[in-house]
Amino acid sequence: MNKVIRAKIIEVCDDKIAKKGENVGLSFYAFFKNKNDNPKLLMQVATWWIETHQLDHFEKAAKIKQMMIDNK
């Protein structure tokens, strides 16, 4: 994934954690607007989430944030 989407994912995770606490979960859809304006990027993130890492539909935001930091 590129630097821009990694930064966006970390930002969204930070926001969710700040609002709802360390145990908040999210899906990869949380990183996109309800309008699918970038299907290629959506598929890239979905592939990373589902195929590459075999994550559940909902995962803890803290876990996803750490994965982004660890895999720069």
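This chain uses plain numbering: 1 for the first residue, then up along the sequence.
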Intermediate values then yes/no, side-chain contact (heavy atoms from CB on, under 4.5 Å), L41 and F31: CA-CA 10 Å; L41 185 58; F31 313 121; over 6 Å; no
Got a list of side-chain donor-acceptor pairs under 3.5 Å for residues 55-69, not counting sequence neighbours?
from : atom 1 : to  : atom 2 : distance (Å)
E59  : OE1    : K63 : NZ     : 3.2
E59  : OE2    : D56 : N      : 2.8
K65  : NZ     : D14 : OD1    : 2.6
Q66  : NE2    : D70 : OD1    : 2.8

Residue list, ring-ring contact (aromatic ring centres under 6.0 Å, His included) with H53, at least two apart or on another chain: W48
Hydrophobic cluster of I17, others only, ordered by chain and residue number, side-chain cut-off 4.5 Å: V24
Candidate pair F28 and L42, rule side-chain contact (heavy atoms from CB on, under 4.5 Å), full reasoning: CA-CA 8 Å; F28 64 87; L42 175 67; 4.0 Å; yes
Distance in Å, M1 CE paired with N71 CG, rounded so as to fall on 0.5 Å steps: 8.5 Å
Gap separating the CD1 atom of I10 from the CG atom of D15, nearest 0.5 angstrom: 13.5 Å
